[in-house]
Structures are given as C-alpha cells and as structure tokens.
Amino acid sequence: MVYLQTEYLQVEHHTANNVLITQWYNGCSSLQYRQALINIVRIARNLQVEHVIMDRRLLQPISEDDLNWTCTIYAKAYDKLPLKKIAVIHSFDNRTEQQQKKLYEQLAHRIETHTFDDLTSAYEWLTTIPAR
C-alpha cells in the first residue's frame with residue numbers, strides 16, 4: 001500500500017513482510033526533504049515496521065545543513081523505531097552516496113544495515129535472512 005507519493009518520493013508498505021520501501025525519484029527543496037523524512041518516521045512508527053528499504057538511487061546531493069540534520073535529528077528518530085534491518089540501495093550520484101554513507105554508518109550501530117545495488121536483492125535479504 002502506498003502511504004506517501006510526491007514528485008520526488010514514494011513510500012509504500014508491504015504488509016505481508018512488514019517492509020517499508022522509500023524510493024527517491026528526484027531532488028527536492030530542503031523543506032520538502034526534511035518533511036519527507038519526518039513523514040517516513042511517522043509512517044514507520046505507526047506501522048511498527050521492522051524492515052526498511054532506503055532506495056536512494058535517484059536522490060540528489062543535499063546541503064551540509066540538511067546532512068547534519070539527517071545525521072542528528074533524523075537518526076535519533078530512527079533509533080526509536082522497532083527496526084531490525086535496513087537495506088540501503090546505493091545512489092547513482094557519488095556525492096549523494098558519500099553523504100548518505102554517514103547516515104548508514106550511524107544507524108548500523110543499533111540496526112543491522114546492508115547496502116545493495118538493486119531493489120530485488122535488498123528485499124530478498126530483508127525477508128529471507130534472519131536478523132542477527
């Protein structure tokens with residue numbers, strides 16, 4: 001079921017495996033980016049999601065302020081979710097990938113995190129390999 005859809009992001013929940021998939025399609029303003037992340041956390045909390053796929057292949061680089069916000073405020077909110085595993089799909093943009101790596105590394109201290117190049121492999125890992 002699709003919970004959020006904009007011109008730059010789609011968030012859908014696969015009930016059968018309790019997987020939340022966030023797929024970025026484009027760049028957006030700082031305000032849109034932050035609001036999108038806040039909405040993702042709210043959706044994940046309401047659904048008590050244990051597995052998330054962060055598909056950031058088409059996400060554009062963000063500002064330093066947004067990166068700092070992502071790695072502090074957003075990361076703390078993610079820590080409060082019942083997440084067990086996060087699958088991250090690499091960005092096509094090298095700068096975006098380096099920025100987002102900071103977030104993944106921060107989340108990996110508490111939540112099992114693995115990176116992938118495609119959605120199918122990420123989904124398979126989340127749903128067939130037990131969390132540590």
Side-chain angles (χ1 to χ4, degrees):
M1 171 179 224
V2 175
Y3 277 82
L4 176 67
Q5 186 159 9
T6 68
E7 64 274 3
Y8 52 87
L9 173 69
Q10 178 172 298
V11 179
E12 65 182 86
H13 182 246
H14 291 208
T15 308
N17 293 305
N18 198 19
V19 175
L20 191 69
I21 301 174
T22 63
Q23 292 181 289
W24 291 88
Y25 296 125
N26 207 340
C28 57
S29 72
S30 175
L31 179 60
Q32 290 170 321
Y33 173 79
R34 292 183 188 206
Q35 286 177 333
L37 294 184
I38 290 167
N39 282 324
I40 290 168
V41 168
R42 284 184 184 146
I43 292 166
R45 184 178 46 241
N46 289 342
L47 297 172
Q48 290 296 291
V49 171
E50 294 181 346
H51 304 103
V52 171
I53 295 176
M54 296 178 170
D55 183 346
R56 297 183 170 211
R57 287 178 281 192
L58 299 177
L59 181 64
Q60 299 299 306
I62 57 176
S63 70
E64 280 301 311
D65 285 343
D66 285 338
L67 180 59
N68 291 333
W69 181 87
T70 301
C71 292
T72 55
I73 305 301
Y74 181 66
K76 286 179 188 174
Y78 245 68
D79 277 344
K80 295 177 184 175
L81 296 173
L83 295 175
K84 293 182 179 173
K85 292 169 64 174
I86 297 174
V88 178
I89 301 177
H90 295 288
S91 174
F92 293 144
D93 182 284
N94 288 332
R95 184 168 166 233
T96 301
E97 183 63 25
Q98 291 308 308
Q99 288 180 329
Q100 297 299 314
K101 227 177 198 179
K102 292 179 184 180
L103 173 63
Y104 316 148
E105 290 168 356
Q106 203 166 354
L107 295 174
H109 78 277
R110 187 186 73 78
I111 304 164
E112 188 175 356
T113 305
H114 193 55
T115 57
F116 298 89
D117 292 323
D118 65 278
L119 187 60
T120 303
S121 300
Y123 196 88
E124 184 176 295
W125 176 75
L126 285 178
T127 59
T128 61
I129 299 173
R132 285 186 254 155

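- Here T6 pairs with nothing under the side-chain hydrogen bond (donor to acceptor under 3.5 Å, both in side chains) rule; sequence neighbours left out.
- By the salt bridge (Lys or Arg N to Asp or Glu O under 4.0 Å) test, E50 is found to be paired with K84, residues two or more places apart in sequence or in another chain being considered.
- Residues passing the side-chain hydrogen bond (donor to acceptor under 3.5 Å, both in side chains) test with N18, sequence neighbours excluded: H13.
- The salt bridge (Lys or Arg N to Asp or Glu O under 4.0 Å) test applied to D93 returns no partner, not counting sequence neighbours.
- Legend: residues meeting side-chain contact (heavy atoms from CB on, under 4.5 Å) with D117, ordered by chain and number and at least two apart, are H90.
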Please tabulate, one pair per line, all N/O donor-acceptor pairs under 3.5 Å involving side-chain atoms of residues 31-38, not counting sequence neighbours.
residue, atom, partner, partner atom, Å
Q32, OE1, S29, N, 2.9
Q32, OE1, S29, OG, 3.2
Y33, OH, T70, OG1, 2.9
R34, NE, D66, OD1, 2.6
R34, NH2, D65, O, 3.3
R34, NH2, D66, OD1, 3.0

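- A pairwise comparison of heavy atoms in D118 and R57 identifies CA-NH1, 4.3 Å as the closest pair.
- A search for side-chain contact (heavy atoms from CB on, under 4.5 Å) contacts involving Q10 returns V2, Q5, E12, Q23, Y25, not counting sequence neighbours.
- Here Y78 pairs with Y74 under the ring-ring contact (aromatic ring centres under 6.0 Å, His included) rule; sequence neighbours left out.
- Considering only residues two or more places apart in sequence or on other chains, N17 meets the side-chain contact (heavy atoms from CB on, under 4.5 Å) condition with V19, Y123, T127.
- Every residue meeting the side-chain contact (heavy atoms from CB on, under 4.5 Å) condition with L58, not counting sequence neighbours, appears here in chain and number order: F92.
- Under the salt bridge (Lys or Arg N to Asp or Glu O under 4.0 Å) criterion, D79 pairs with R110, sequence neighbours left out.
- Judged as a side-chain hydrogen bond (donor to acceptor under 3.5 Å, both in side chains), and not counting sequence neighbours, T72 has no contacts.
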